[in-house]
Amino acid sequence: MGEKRLWWRDGVIYQIYPRSFADSNEDGIGDLTGVLDHLDYLEDLGVDAIWLSPIYPSPDVDFGYDVANYTAIDPKFGTMEDFDRLLGKAHQHGIRIVLDLVLNHTSNQHPWFKESASSQANPRRNWYIWHDPNPKGGPPNNWQSVFGGPAWEFDPATGQYYYHMFYKEQPDLNWRNPEVRKEMLDVFRFWLERGVDGFRLDVFNLYFKHPEMPDNPPKLGLRGFDRQRHVYDQDQPEMMPLLAEIRALLDSYPERYAIGETFEGFDNPQRAAQYCGGGKLHAAFSFEFTRSRWRAANFLGAIQRWENVLPEDAWPNYVLNNHDVVRSATRFGKGESDDRLKVAAALLLTQRGTPYLYYGEEIGMRDIQVRHSEIQDPVGKRFWPFYKGRDGCRSPMQWDGSRNAGFSLTAPWLPVHPDYPSRNVAAQRSDPDSLFHFYRQLIRLREEVPVLRQGMTVPLTSDPRAVLAYLKQAGDQTALVALNFSGRALAVHLSPRLAQTRWKLLLSNRRAEPAQVADLRLPLEPYEACILLQE
Ligand code: TEU
Ligand code: CA
């Protein structure tokens, strides 16, 4: 690992949901200049790159994940000049920019779809997936939308159905059409030429569907989408050569990066892993931490499963939060205490694998409670009250204690969390014990002490519920990380060799001096996260 530092492997990546980060022109919606205004903050926190959720023109049925033009900036976020300014300034701050490419589907307002839907004879008809009704009537097959209901929408004007894995306003592109494929590779080129450093590929493993479109076989599950095995509507073999082509394009520029998103990142790491390494993607997301219950063994299990399935030349990544899931502070935090969040942060930032942070995670932002009348996310409207959608984790960034948390002077598009007068960036920056400072210290430490980001996690734990302790070894460094998941004082049992080792305390949220090992036991305070380095 003596090689040169790679930003996407050795650094920390910070996801920004642009609508919710900072509003520079007081219209209640965050924008690119808002991001630019906070680059100092991001540099101080210590992140290496920001991933921007989609910033392209969009009718916002799925808040940017329904794209109406891949090579322009939505006016609500600014102009192409604003984007170039942000990119240039970010680079001056040593911060790379990763864009979100949503190439599985477009908006139904994209000019391509409008043409495609205009008649069966239109030259762009075959840019999307159109099909005659089933001879028995109804949709062509049993495929379901992940957002609910059949994945086929009938278009009375032209007498055919079109396919949409997500909302009906998000028709899937036909990647089997060479014109589509060429156009999409040009989208990569367009942003690469502007100097963009990397891409997050939205649901890339859905690009190809089986050409004959057979029914998916049934499986036990709660709702339509989960009651099928997704054999024919995802993970088709044609994806592999396409990834190779994308990778070759990226590799023709220096230090470019692509990370892919799949549903499988949640529960099928093996299938996500097949797309990583050697001539394919640099990485695919593992989302297991976003589902882990507060139990040391669950986190360890997720790490081990991920390490086991990844090819040797692929690099892991870990995520506690993103714009689709309930925030970790809401899942793990007890009341206003951030004790558990410090433990989770220490876990995330001492793994061999790129850590992804999500805006506000560093100050422990909690989900907002949305009332039915406040819901913005259509899945929330559809499945209320069983599932309230994804608005909870998308509330405005809490910058300070002023009106609307310093996000905007105008009423923001989603309510600000009511805890903002006390929970905000300004307050935490002036409190040395805050979660923010703990994240900042961990990020610094990870940078300064390579074993923390390079060493494999070798568990020492005896108590699978309450304690996670692990050794890490890389080069001539050995580190010991001990995390107390419980609110009780505990001890980690050490072997005689480890007990005799002279440990230097790098960081603990509970003590300034190293704990005294006695009787082969390393004591831990309640919710202590402690990082030791062999002297
Ligand atoms: O998400 C795909 C995906 O996994 C989600 O649809 C997930 O199943 C859902 O959010 C429930 O948690 C990506 C984007 O991250 C998401 O925001 C988009 O809505 C979706 O693709 C369509 O582009
Ligand atoms: Ca704005």
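Read the numbers this way: they start at 1 and go in the same order the structure lists the ligands and their atoms. For reference, positions follow the sequence shown, starting with 1.
Protein heavy atom closest to atom 20 (C) of ligand 1, with residue, atom name and distance, is Phe166 CE2, 3.7 Å. Here the heavy atom of the protein found nearest to atom 19 (O) of ligand 1 is Asp62 OD2, 2.5 Å. Atom 10 (O) of ligand 1 has as its closest protein heavy atom Arg390 NH1, 3.1 Å. Annotation: atom 1 (O) of ligand 1 to nearest protein heavy atom, Glu261 OE2, 3.0 Å. Counting protein heavy atoms only, atom 11 (C) of ligand 1 is closest to Tyr387 OH, 4.0 Å. For atom 4 (O) of ligand 1, the nearest protein heavy atom (residue, atom name, distance) is Phe263 CD2, 3.1 Å. At the shortest separation from atom 5 (C) of ligand 1 among protein heavy atoms lies Asp324 OD2, 4.0 Å.
Note on ring orientation: taking the six-membered ring where Trp is involved, the planes of His131 and Trp152 are perpendicular (angle over 60°, cut-offs 30° and 60°). Phe166 and Phe263 have tilted rings, their planes meeting at an angle from 30° to 60° on a 0 to 90° scale. Relative ring orientation between His372 and Trp384 is described as tilted, the plane-to-plane angle lying within the 30° to 60° band.
For ligand 1 and His105, the ligand atoms under 4.0 Å from any heavy atom of the residue are 22 (C), 23 (O). Set against the non-hydrogen atoms of His323, the atoms of ligand 1 under 4.0 Å away are 14 (C), 15 (O), 16 (C), 17 (O).
The protein does not reach atom 7 (C) of ligand 1 closely, with no heavy atom under 4.0 angstrom from it.
Among residue pairs with one or both ends in residues 365-377, those qualifying as salt bridge (charged side-chain N to carboxylate O under 4.0 Å, His left out) are Asp338-Arg366, Arg371-Glu374, Asp377-Arg390; sequence neighbours excluded.
Between Phe204 and Phe199, the gap from one ring centroid to the other reaches at least 6.0 Å. Aromatic ring centres of Trp143 and Tyr163 lie closer together than 6.0 Å.
In this structure, Arg96 forms no cation-pi arrangement with Trp8, as its terminal cationic atom is not both closer than 6.0 Å to the ring centre and no more than 45° off the ring axis. Seen from the ring of Tyr359, Arg327 counts as a face-on cation partner, given the 6.0 Å and 45° thresholds.
The residue from Asp202, Leu103, Val326, Val67 that puts a heavy atom closest to atom 23 (O) of ligand 1 is Asp202.
Lys219 NZ: more than 12 foreign heavy atoms inside a 6.0 Å radius.
Closest of all the heavy-atom pairs between Met397 and Val425 is CE-CG2, 3.7 Å.
The O atom of Ile29 and the OD1 atom of Asp27 meet at the Ca ion (ligand 2) at an angle of about 90°, given to 10°. Here Asp23 contributes OD1 and Asn25 contributes OD1, and at the Ca ion (ligand 2) these two atoms make an angle of 80°, given to 10°.
If you look at Asp31 and ask which of its N, O or S atoms sits nearest the Ca ion (ligand 2), the answer is OD2.
Within the 4.0 Å heavy-atom cutoff, Phe147 counts among the residues contacting ligand 1. Within the structure, ligand 1 lacks Met165 among the residues with a heavy atom less than 4.0 angstrom away. Taking a 4.0 Å cut-off on heavy atoms, Glu264 fails to register as neighbouring ligand 1.
Residue Arg19 forms a salt bridge (charged side-chain N to carboxylate O under 4.0 Å, His left out) with just one option from Asp60, Asp27, Asp31, and that option is Asp60.
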